[in-house]
Structures are given as structure tokens and as C-alpha cells.
**Q** 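Below you'll find the structure I mean.
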2 protein chains.
Amino acid sequence: MKAADLVWARGVGATSLDDIRAGSATSKSQLFHYFPGGKSELISAIVTYQGERVLDAQRPYLDALDTWDGWEGWRHAVLAHYGSQVHWGCPISALARELIGLDEERAKESKMYMDRWRGYLYDGLLRMREAGTLKPFASPESLSLSTFASLHGGLLLTQTMQSIRPLESALDGALELLHTAAATQ
Amino acid sequence: MKAADLVWARGVGATSLDDIRAGSATSKSQLFHYFPGGKSELISAIVTYQGERVLDAQRPYLDALDTWDGWEGWRHAVLAHYGSQVHWGCPISALARELIGLDEERAKESKMYMDRWRGYLYDGLLRMREAGTLKPFASPESLSLSTFASLHGGLLLTQTMQSIRPLESALDGALELLHTAAATQ
DNA sequence: AAACTAATGGACTGTATGGTCCAGACCTCG
DNA sequence: CGAGGTCTGGACCATACAGTCCATTAGTTT
């Protein structure tokens, strides 16, 4: 999906259908043949594509966030994935942000990916607490929010600073914070 | 600055000069009279306005981030400021993000505000380490990055979740993390 | 090969946008 | 009062965009 990368690099509003047509070596009629709903439907497909891609890159760790090894693996997968991309930042949060107040329907779709994503962190933390790995009064809700915030803040800074460093620091800090909620044994 | 809020709500690309004209009850010629450089110059003014506004909202704590009380006050000021705004999220990071690859010159301006902002955190942490409040091997660089990432991630989630909760959790987590770097006395 | 259908290119249209320009209102000063 | 200059409204222009349409090609069936 070359279109997805174009939109990632330049944003939804700044990417015209002509840009996409030129980048994909097809014609306008082709574009509307495959996406009868026009740009909105194209964006929808891009949201799905990027959402799945981002989640896939974190597998199988997303389902293993109930052990410290799982979290370590996840951290490594995230850094490897975003470090290997051509563009900085996270396409999903960028789409979610831009689509708010531009295309409410597509914004919902990208928000859904954000929710699913955080859901994996939440589920892992919940299982950790139930297993006694975390303190009984640790809040999976709060911890998942702060961890998810660190992740996306790190990704955002990645973009403004053009470096992977902030993401590393953010994830290191987030994991260290999780450890402070570990049950003392 | 009504224009600043319009751009905050809808983004640079999705806000036309006509929208701004309508919102400010003036005419096109007025707009170009005050901003001969056109939209780019208008955006530049908005960046400056929002940048100063955001930093002002955190004063006087920005210069007091070398004590735990200072950090508490800062956390409170940030929550109060963003909780009282009409729109969610942070205008500066939103501008910085959108302007990358749209107007390189203005992107630099907004990135500058991000850098200045983080600089305050860094300076405070550096003074804390020098004063022995932090462990000698604590890294102001890393800590400022992770704290700043938490802040901006929290603000981003504020926007996708339409709630102040993620920002609260993010800041709480960030401050708790700072405390783990405190010198044990 | 003829007849028919589906895919394809790209010219075309209506609209919105950033930006220009000029006619007239409104001051200022002699 | 009136000449000179400045400010202001909004009509206007060129361009870029999303989306439509039709003539032609390519493929399939008989």
C-alpha cells in the first residue's frame, strides 16, 4: 500500500487523490472502481491496513503481556518496528488525530484501533494482578493508560525530534514504572 | 485569537482563510493586510500565540522544577490548563506534527516550542541531580524525555478518548517514575 | 470471427481555496 | 471645505481538488 505511506508522510488532508494515483500508476477511474466511496473509503482502507500492520508488528507479545519477559519482548518489538519504518511517528494516532473533526466515521475506526491496542496492555496487566505478579491494589486501568501514553508520547517525540531516542526513554520509563507496581516477594 | 482555536479544532489544512475570515468578522483584504505572507504567516502567528499560551499556563512552575513541590505544582497547572480548554489535546504538538511536510519553516517554529518546553524539564532535573535530590547516576536527559513523552502521550489520549483521565494517569506515572530516581536518604 | 461484457484511461466538471485588486469609505491636514 | 492618502469590503482570478463520464481497449463466449 503505497497510498498508506503517502498519507502517513503527508497527512490525509495534504494528500490528494492525484498524488495517490500518480504514486500507484493507475487512473482515476480505477481508484473509484476499487473504492466507490471515494477518498473516505480509501482512508478507511488505509486505517484498517495501518491498524493491522501496527498490531501485527507487536505480535505475539500483545497476548503475552502478563509476564515481565512478555513486556520486554513487546518493548523490543515496538522499537524494532518503528525504528525500521521510513517515517517517524505512529500512523494510527496520527490518523485518529487528524480525522477528528474531518471525517467522524473514519475517526471512530482509528480510535477503535487505539482502544483495541490499549486493551491488550490492560488485559495483560489485569492477568498479572490476578496472578499475583502485581500488587493487589495496582490499577490495570491507570497503568495501561500511563504505559500507553508513554508509548504514544514517545512516538510523537520521535517525529518532532527525528530520532528513536525519545521512544526508547519513554518505553524504558514505562516498564520501570510497571516494575514499581510489582508485588514484593 | 479565534483563528487559533479554529485551527486547533480542525487542523491547519482543514481550516480555510474563509473560515477564519468568517470567524473574525473581517474581510480578506484585512487578513492580508495584517499577514502579508498569507496563510503561512498567519499560521506562524498562531504557533507563537499557542506556544506562549501553553508555556505561560505552566508558569511559574517551569522554573521551579527542581523541587518535588515544583513538580506537583506543575502537574496541577498542566491538568488545570488542559482541563479548562474547549478542545482536547495540545495545540503545539498538533501543529508540529501537521506542519512537518506541509510547511517546513513553520514546523521548525513549533518544534522550537517543543524543545524549549522540554528544556525546562531537563534544566529542573539537572539542578535536582546537582543538588543531590536525584541519584548521581540519574539521567536528566532520559528522565526529561520520558516525562515529556508521558505528558504528550497523555494529551494525545485526551483527544482520542475525550477525557482528562489519561493525562492524569500519565502525569501521575511520570512523577512516580521521577521519585524512583530520587536519592535515598 | 462476431457479439457482447468488463476493465481502463484520462478528459472533463463543479466547487472550494489561496491570493489579488480596485472602487469607494473614511480619515487627516491645509 | 477639499485634496491626498490610507483603510476596508468584497468581487474577482487562477489553481487544485474530488468526483463523473464516455470512448476505447481487452477479454470472453458462442
Side-chain angles (χ1 to χ4, degrees), chain A residues 1-51 87 91 94-110, chain B residues 1-51 87 91 94-110:
Chain A
M1 280 282 263
K2 194 153 183 183
D5 282 322
L6 267 177
V7 170
W8 186 356
R10 309 166 51 166
V12 174
T15 310
S16 73
L17 292 187
D18 265 347
D19 293 335
I20 289 168
R21 185 195 48 72
S24 63
T26 69
S27 69
K28 267 289 188 55
S29 67
Q30 291 279 38
L31 235 163
F32 278 82
H33 177 69
Y34 291 114
F35 304 99
K39 193 172 187 180
S40 189
E41 190 171 339
L42 212 195
I43 295 300
S44 176
I46 289 179
V47 167
T48 303
Y49 172 76
Q50 295 283 36
H87 312 289
L95 283 167
R97 200 164 179 160
E98 186 175 0
L99 290 174
I100 291 176
L102 193 76
D103 187 331
E104 199 51 49
E105 205 52 43
R106 310 308 152 191
K108 251 186 225 161
E109 294 176 14
S110 48
Chain B
M1 279 280 263
K2 195 152 183 181
D5 282 322
L6 267 177
V7 170
W8 185 358
R10 310 165 51 165
V12 174
T15 309
S16 73
L17 292 187
D18 266 345
D19 294 334
I20 289 168
R21 185 195 48 70
S24 63
T26 69
S27 69
K28 262 310 189 35
S29 67
Q30 291 278 40
L31 236 161
F32 278 82
H33 177 69
Y34 291 114
F35 304 100
K39 194 172 187 179
S40 188
E41 190 171 340
L42 213 195
I43 295 300
S44 176
I46 289 179
V47 167
T48 304
Y49 172 76
Q50 295 284 35
H87 312 289
L95 283 167
R97 201 165 178 159
E98 187 175 358
L99 290 174
I100 292 175
L102 193 75
D103 186 331
E104 199 51 50
E105 205 51 46
R106 310 309 151 188
K108 251 186 224 160
E109 294 176 14
S110 48

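Quick caveat: nothing in here was measured; it's all calculated off a predicted structure. Every chain is numbered from 1 and lettered A, B, ... according to where its sequence line falls, protein lines coming before strand lines.
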**Q** Quick one: which of B:L17, B:L42, B:I43, B:I20 gives a side-chain contact (heavy atoms from CB on, under 4.5 Å) with B:F35?
**A** B:L42

**Q** Once you round it to whole Å, what is the distance between C1' of D:dG10 and CG of B:D18?
**A** 11 Å

**Q** Nearest 0.5 Å, please: how far is OG in A:S110 from CD in A:E105?
**A** 10.5 Å

**Q** Do any of residues 27-49 of chain B sit with a heavy atom less than 4.0 Å from DNA chain C, and if so which?
**A** B:K28, B:S29, B:F32, B:G38, B:K39

**Q** If you compare all heavy atoms of B:A14 against all heavy atoms of A:L102, which two are closest, and at what distance to 0.1 Å?
**A** CB-CD1, 3.6 Å

**Q** Between which nucleotides of DNA chain C, 5' to 3', does chain B make heavy-atom contacts below 4.0 Å?
**A** C:dT17 to C:dC21

**Q** Could you check how far CG of A:L17 sits from P of D:dT20, rounded to whole Å?
**A** 11 Å

**Q** For B:R97 and A:A94, which heavy atoms make the closest approach, and how far apart are they?
**A** NH2-N, 3.1 Å

**Q** Checking the side chain of A:Q50 only, and the main-chain atoms of A:P91 only, is there a donor and an acceptor separated by less than 3.5 Å?
**A** no

**Q** Side-chain contact test, heavy atoms from C-beta onward, threshold under 4.5 Å: evaluate it for A:D103 versus A:K39 and give yes or no.
**A** no

**Q** Do A:R21 and A:D18 pass the salt bridge (Lys or Arg N to Asp or Glu O under 4.0 Å) test, and can you show the C-alpha distance, the side-chain angles, and the key distance before you say yes or no?
**A** CA-CA 5 Å; A:R21 185 195 48 72; A:D18 265 347; 3.2 Å; yes

**Q** So which atom in B:L6 and which in B:T15 form the shortest heavy-atom distance, rounded to 0.1 Å?
**A** O-OG1, 3.7 Å

